[in-house]
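In what follows, a structure is listed as structure tokens, so that the remarks can point back to it.
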Number of protein chains: 2
Amino acid sequence: MQSNDYENCFQIINMNNELDIFVDYLKQHNLRCTPQRNLILKIFLEMEGHVTVEDLHKKIRPEDPTIGIATLYRTMKLLIDAGLVEMHNFNDKTTYERLYMVKHHDHLICQICNKTVEFEHPLIEKYQQEVCDQHEFDLKSHRMELIGFCNECKK
Amino acid sequence: MQSNDYENCFQIINMNNELDIFVDYLKQHNLRCTPQRNLILKIFLEMEGHVTVEDLHKKIRPEDPTIGIATLYRTMKLLIDAGLVEMHNFNDKTTYERLYMVKHHDHLICQICNKTVEFEHPLIEKYQQEVCDQHEFDLKSHRMELIGFCNECKK
DNA sequence: TTATATATTGAGACCCATTATCAATATCAA
DNA sequence: TTGATATTGATAATGGGTCTCAATATATAA
């Protein structure tokens, strides 16, 4: 299996995962699974980077010319709510970006006993992304370490 | 001189600095110093956090009801170019934020060209403290690095 | 000071991304 | 198959932000 095959394979696996997540999300919220929604997700996953609704519309038209702009906006909002997509507003046009499946966790580190505690704070991650947006920076990963004294050692 | 006086004094100094920087910027770019521009900067500096043009307009109207919306947008753009203000597009409305004069130890790092950008984000710091409080941890310092592709390299 | 070149202003028209409306249609559970 | 209701596409509406332009203000030189 070559590198390309592996990547393709990974793509497909991811795509299925994301489709499954989306379908689950719809079911759990009493929303319906429609060909439009599936097609939009499928085409979106085939695209890379920051995707505008306009891009998406162009790419979808050949496969289903009847699909309406409003449905694109509505579906992208669902994908965001389902945790699959992130919305950016750095430029004049809103863009949508596929969220990576891998989440990072951060660490609390005690200077004295070296105890470490893993944590995750969604708002910190949100503001990290904001910082990156301000600097037109594509965030791939991050490292955050909070250093101090743990509740035992500070006594 | 008491703490309050010192803070007030610092405020005034900062304000003058920013006005000076703005005036310099205008001169160096063959732009003109107008009462509208000065008023907008003055009022903006009196406001806190993320300011919308709408907020600004409301606050300015009592002092100069004739000032036009277009001038607000134009002037905010100048302040951004002069390095005094940052624009955000997190939500539906654009907001403008006064840039801090003092920057410190968090970094954006480009994986490709190693360019680093220093930044600080008060809200991230706030939530860092929150995490530490939850874990009864005395925060002494922190390290945060956001790693990705800079705006040049991502092209 | 006065004249001159030109930058700036405010009003309102305009643009265009996004959202709301609504009747027709599709989904899904019973 | 049926019925409740979620969804769709077309289109109107919204609203932030920009553009245009004639009137005005600023900076500079004489």
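Per chain, numbering begins at 1; letters A, B, ... match sequence-line order. The analysis underlying the following values was restricted to heavy atoms, covering all of them including side chains, and did not include hydrogens, waters or symmetry mates.
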Sorted by position of nearest nucleotide on DNA chain D, 5' first, the leading residue of L31(B) and E54(B) is E54(B)

On DNA chain D, more 5' by nearest nucleotide between C33(B) and I69(B) is I69(B)

Residue-phosphate contact under 4.0 Å: [X] side-chain N/O, [N] OP1/OP2:
X	N	answer
Q36(A)	dG9(D)	yes
T34(A)	dT8(D)	yes
T71(B)	dT8(C)	no
K77(B)	dT18(D)	yes

Check: Should Q28(B) and D24(B) be marked as a side-chain hydrogen bond (donor to acceptor under 3.5 Å, both in side chains) after you check the CA-CA gap, both sets of side-chain angles, and the distance that decides it?
Finding: CA-CA 6 Å; Q28(B) 289 186 359; D24(B) 278 357; 5.6 Å; no

Next on the checklist: Is it the case that dT8(C) (base atoms only) and R74(B) (side chain only) share a donor and an acceptor within less than 3.5 Å, ignoring hydrogens and angles?
Outcome noted: no

Quick one: [X] [atom1] to [N] [atom2], roughly how many Å, whole number?
X	N	atom1	atom2	answer
N30(B)	dT6(C)	CG	C1'	10 Å
H57(A)	dT8(D)	NE2	P	14 Å
R61(B)	dG10(C)	CZ	P	13 Å
N38(A)	dA26(C)	CG	C1'	14 Å
Y73(B)	dT9(C)	OH	P	16 Å
M87(B)	dG17(D)	CE	C1'	11 Å
L72(A)	dA10(D)	CG	P	11 Å
R32(A)	dA29(C)	CZ	P	9 Å

- Task: May I ask you to say what K27(A) touches in the nucleic acid, namely base, sugar-phosphate or nothing, with a heavy-atom cut-off under 4.0 Å?
- Result: nothing

Mind checking I67(B) for me? I need base, sugar-phosphate or nothing, with any heavy atom below 4.0 Å counting as a touch.
sugar-phosphate

From the list [options], which nucleotide is the closest neighbour of the side chain of [X]?
X	options	value
T66(A)	dT8(C), dG9(D), dT19(C)	dG9(D)
A70(A)	dA17(C), dT11(D), dT27(C)	dT11(D)
P35(A)	dT27(C), dT18(C), dG16(D)	dT27(C)

Without swapping roles, check the side chain of H29(B) against the backbone of Y25(B) for a donor-acceptor pair under 3.5 Å. yes

Looking only at atom types and distance, does a side-chain atom of T75(A) sit under 3.5 Å from a main-chain N or O of T71(A), one as donor and one as acceptor? yes

When every non-hydrogen atom of F44(A) is compared with those of E97(A), the smallest separation belongs to CZ-C, 3.8 Å

* Worked check of side chain to side chain contact (heavy atoms under 4.5 Å, CB included) between R74(B) and R37(B) -> CA-CA 9 Å; R74(B) 288 188 284 234; R37(B) 286 174 178 170; over 6 Å; no

